[in-house]
Structures are given as C-alpha cells and as structure tokens.
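Only one structure is covered here, and it is reproduced in the block below.
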Amino acid sequence: MSPKGKRGTMASEFFEKVWDVVAEIPMGKVTTYGHIAAFLGNKRGARTVGWAMKAAPGPHLPCHRVVNRKGELTARNRFATPHLMEERLRSEGITFKPDGCIDMKAHLWVPGE
DNA sequence: GCGCTGACAAAAA
DNA sequence: TTTTTTGCCAGCG
C-alpha cells in the first residue's frame with residue numbers, strides 16, 4: 001500500500017499517535033505538548049511530542065495548533081514557522097496576549113474529548 | 001558503538 | 001515563590 005508510504009521506517013508508534021491527536025484538534029483551539037504526551041502515557045515525554053511534530057508527515061498536519069506550556073509558538077519545520085502560525089491561528093479565531101502568547105484559558109483544547 | 005542535542009514539562013530544592 | 005535538575009525518546013555527530 002502506501003504510494004509513497006515510507007513512514008513505518010522512520011516513525012515509531014508514538015509518533016503516529018501524536019499526529020493522530022494533533023489532526024483532531026478543532027479549529028480555533030490549541031493544545032500543548034504536555035497534554036498530548038500525557039494523553040499518550042508519557043507525562044514527561046513532552047519533548048518527544050515536539051520531535052514528532054518536527055518529523056511531521058505532511059503540511060496538512062495542523063502542527064500550528066500545538067504550542068508550548070507558555071502559549072508561545074516555537075515550531076520550526078518546512079511546513080510551519082512561528083510567524084506563519086501566528087497568522088494562521090489568528091485566522092482561526094485565536095487571540096494573542098500583548099505578551100505574544102496565546103490566551104490558553106480561552107483556546108486550550110484537551111485530547112480525548 | 002557512544003554521547004550530545006533538541007518544537008517541553010513537571011518535580012525537587 | 002524562583003531556580004535547578006531530571007525525564008522522555010529519537011535523530012545526528
């Protein structure tokens with residue numbers, strides 16, 4: 001299967017789970033690495049979640065809806081840059097604080113809902 | 001084959 | 001309360 005599917009070789013099961021959760025984030029909402037990690041069972045595996053984002057399978061993955069605990073945009077890959085994320089998040093209804101961080105209490109989404 | 005780095009977060013001091 | 005250390009796991013030198 002997989003017309004171009006060379007994913008099983010580079011990504012672990014954990015990575016695919018992260019992509020699956022991120023893909024379910026509703027528009028106008030954001031989540032944090034820690035929440036995804038905890039949902040997958042790795043409470044302190046937030047770093048590994050960030051790795052999965054960096055290793056994103058494609059630009060269709062809403063990695064721009066994943067931010068850190070501070071609500072700051074830290075993404076860095078060919079599909080998403082912090083600047084691009086800000087534009088995109090605002091386009092979806094996300095509001096930023098003067099501090100430059102996302103208003104978490106207003107847009108924080110939790111996996112599993 | 002071994003060690004360091006890295007889109008983070010939480011517990012300990 | 002703030003600062004420091006530890007934990008996670010895969011990619012890269």
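All chains are named by letter (A, B, ...) in the order of the sequence lines, taking the proteins before the strands, and each is independently numbered beginning at 1. What you see is a predicted model, and the numbers here were worked out from it, not measured in a lab.
- The side-chain hydrogen bond (donor to acceptor under 3.5 Å, both in side chains) analysis of residues 49-63 of chain A, with sequence neighbours excluded, yields no pairs.
- The nearest whole Å value for the distance from the CD atom in E13(A) to the P atom in dC8(C) is 18 Å.
- R76(A) places its CZ atom 18 Å from the P atom of dT5(B), with the value rounded to the nearest Å.
- Here the C1' atom of nucleotide dT5(B) and the CH2 atom of W51(A) are 7 Å apart, to the nearest Å.
- Judged as a side-chain contact (heavy atoms from CB on, under 4.5 Å), and not counting sequence neighbours, S91(A) has no contacts.
- Contact annotation: S12(A) side-chain N/O to dA10(C) OP1/OP2 distance is under 4.0 Å.
- For E72(A), there are no salt bridge (Lys or Arg N to Asp or Glu O under 4.0 Å) partners, not counting sequence neighbours.
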Per-nucleotide pairing state of DNA chain C [Watson-Crick or G-U, under 3.5 Å; [ ] pseudoknot-crossing; | other strand]: .||||||.|||||
Can you give me every donor-acceptor pair (side chain of residues 34-46 of chain A, partner residue at least two apart or in another chain, under 3.5 Å) with its distance?
| residue | atom | partner | partner atom | Å |
| --- | --- | --- | --- | --- |
| H35(A) | ND1 | T32(A) | OG1 | 2.7 |

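- In this structure, R65(A) and V22(A) have side chains that are not in contact, with every pair of non-hydrogen atoms separated by 4.5 Å or more.
- Comparing dT3(C) with dA7(B), their C1' atoms are spaced 23 Å from each other, to the whole Å.
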Would you give me the side-chain donor-acceptor pairs under 3.5 Å for residues 100-113 of chain A, sequence neighbours excluded?
| residue | atom | partner | partner atom | Å |
| --- | --- | --- | --- | --- |
| H107(A) | ND1 | G28(A) | O | 3.2 |
| H107(A) | NE2 | T95(A) | N | 3.2 |
| H107(A) | NE2 | T95(A) | OG1 | 3.1 |

Can you check nucleotides 9-13 of chain B for protein contacts, nitrogen or oxygen pairs under 3.5 Å, and list what you find?
| residue | atom | partner | partner atom | Å |
| --- | --- | --- | --- | --- |
| dA9(B) | OP1 | R69(A) | N | 2.2 |
| dA9(B) | OP2 | R69(A) | N | 2.8 |
| dA11(B) | O4' | R44(A) | NH2 | 2.9 |

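- Salt-bridge check for E92(A) with R88(A): failed, with every basic side-chain N at 4.0 Å or more from each acidic carboxylate O.
- Residue L40(A) contributes atom CG, which lies 13 Å from atom C1' of dC9(C) at whole-angstrom precision.
- Rounded to an integer number of Å, the gap from I36(A) CD1 to dA7(B) P is 16 Å.
- Every residue two or more places apart in sequence or in another chain was checked for a salt bridge (Lys or Arg N to Asp or Glu O under 4.0 Å) with E24(A), and none qualifies.
- The CZ-P distance, from R88(A) to dA7(B), rounds to 20 Å in whole Å.
- For R90(A), the salt bridge (Lys or Arg N to Asp or Glu O under 4.0 Å) partners two or more places apart in sequence, or in a different chain, are E86(A).
- Applying the 4.0 Å criterion to OP1 and OP2 of dC9(C), one finds that N42(A) has a side-chain N or O inside that range.
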